[in-house]
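Heads up, the thing below is written out as structure tokens.
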Amino acid sequence: MDVPQLVVEFLQERNSVLSTAESCTGGRIAALLTEASGCGSCLDCGYVVYSPSAKARELEVSQLTMDTFGLTSEEVVVEMAKGALMNSVANVAVATTGVTGDDAMDGVPPGTVWFAWAFQDNGNTQIVTRKERFFGSRKEVQLNSALYALKGILRWHP
């Protein structure tokens, strides 16, 4: 199953445009989509916001939210997804934040990733979040997280 191609066709059928907001996946979601034929009609932009300052500057993630809940949190990934919608022409956004290295970070086990999918329709925004844990090398965790994020579009899009 070619997940990126399925996502592109799915978005095209719904006249949806996607923006990505990626921290731990480092742009892999957008990169996977660009390998699919026709992606130019449904991919607006991809934000790679690895540092806290980039999250705040590019996606308007609140410093208070990051300080209060930590970088790998539902609260941060939701603000990332909302920022991706606000700062683009997209009506669908997917965001990721997590720990892909071998060691825990701020008490968060390695392989832990938060996802948020935001869907905008007629001024209303629906947000779905999930937390998953992946195992393997850093590269495997990033790829599996990116594929999970894409599959979530197919699963959660209204």
Side-chain angles (χ1 to χ4, degrees), residues 1-8 10-11 18-36 39 42-88 90 92-120 125-157:
M1 171 170 60
D2 185 356
V3 173
Q5 190 65 54
L6 285 173
V7 170
V8 166
F10 182 85
L11 291 170
L18 175 69
S19 177
T20 66
E22 304 182 61
S23 184
C24 65
T25 48
R28 279 176 178 73
I29 299 167
L32 287 171
L33 280 174
T34 63
E35 295 173 7
C39 74
C42 59
L43 177 61
D44 180 51
C45 61
Y47 294 94
V48 177
V49 288
Y50 213 74
S51 70
S53 62
K55 288 174 179 66
R57 182 180 62 251
E58 301 298 325
L59 298 175
E60 302 173 42
V61 176
S62 160
Q63 187 64 50
L64 180 61
T65 301
M66 291 185 277
D67 292 344
T68 303
F69 300 101
L71 293 175
T72 301
S73 66
E74 182 176 28
E75 292 80 5
V76 166
V77 82
V78 165
E79 287 190 22
M80 289 173 64
K82 287 179 179 178
L85 284 180
M86 286 188 308
N87 295 305
S88 71
V92 177
V94 61
T96 60
T97 186
V99 180
T100 57
D102 295 330
D103 300 316
M105 186 175 77
D106 299 327
V108 177
T112 302
V113 179
W114 271 102
F115 299 86
W117 297 269
F119 306 98
Q120 201 166 47
T125 303
Q126 175 188 349
I127 297 177
V128 177
T129 61
R130 291 290 181 272
K131 179 174 78 170
E132 296 294 330
R133 186 157 183 218
F134 301 91
F135 296 91
S137 69
R138 179 183 187 87
K139 190 174 183 177
E140 290 169 326
V141 170
Q142 289 174 325
L143 176 60
N144 289 329
S145 297
L147 288 169
Y148 183 86
L150 289 173
K151 290 175 186 174
I153 295 167
L154 301 171
R155 179 181 219 177
W156 304 116
H157 194 298

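From a predicted model like this one, the values you see are computed outputs, not experimental measurements.
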- Centres of the Trp117 and Phe115 rings: under 6.0 Å?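 Centroid distance Trp117-Phe115: below 6.0 Å, so yes.
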So, using side chain to side chain donor-acceptor pair (under 3.5 Å) as the criterion, who are the partners of Ser51 when residues are at least two apart?
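Counting only residues at least two positions away or on another chain, Ser51 forms a side chain to side chain donor-acceptor pair (under 3.5 Å) with Ser53.
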Exercise. Evaluate the side-chain proximity of Leu143 to Leu32: yes if any heavy-atom separation is below 4.5 Å, no if none is.
Key: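 A side-chain contact exists here, since the closest heavy-atom pair is under 4.5 Å.
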Original post:
Under 4.5 Å between any side-chain heavy atoms of Cys24 and Val99, yes or no?
Top reply: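 They are not in contact (no side-chain heavy atoms under 4.5 Å apart), so the answer is no.
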Review point. How long is the gap from SG on Cys39 to CG on Leu33, to the nearest 0.5 Å?
Key: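 If I round to the nearest 0.5 Å, the distance is 7.0 Å.
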Rounding to 0.5 Å, atoms CD1 (Ile127) and CD (Gln120) come to a distance of 9.5 Å
Identify the heavy atoms of [X] and [Y] that sit nearest to each other, and give their distance.
X      : Y      : result
Ala90  : Asp44  : N-OD2, 4.3 Å
Val113 : Ser145 : CG2-OG, 3.4 Å
Gly70  : Val76  : O-CG2, 3.2 Å
Met80  : Ala95  : CB-CB, 3.8 Å
Ala31  : Thr34  : O-OG1, 2.8 Å
Gly101 : Pro110 : O-CB, 3.1 Å

| task | Just do the side-chain hydrogen bond (donor to acceptor under 3.5 Å, both in side chains) check on Thr65 and Glu75 with the steps written out, would you? | result | CA-CA 7 Å; Thr65 301; Glu75 292 80 5; over 6 Å; no
### Message
Set out, in order, the CA-CA distance, both residues' side-chain angles and the distance that settles side-chain hydrogen bond (donor to acceptor under 3.5 Å, both in side chains) for Lys82 and Thr125, then state yes or no.
### Response
CA-CA 9 Å; Lys82 287 179 179 178; Thr125 303; over 6 Å; no
(Q) For Arg155, is the CZ atom crowded, meaning more than 12 foreign heavy atoms sit under 6.0 Å from it? (A)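 Open.
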Applied to residues 94-109, the side-chain hydrogen bond (donor to acceptor under 3.5 Å, both in side chains) test, sequence neighbours excluded, yields Thr25-Thr96, Thr100-Arg138
Pair Glu22, Tyr47: side-chain N/O donor-acceptor within cut-off below 3.5 Å
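On atom types as modelled, these side chains do not qualify, holding no pair under 3.5 Å.
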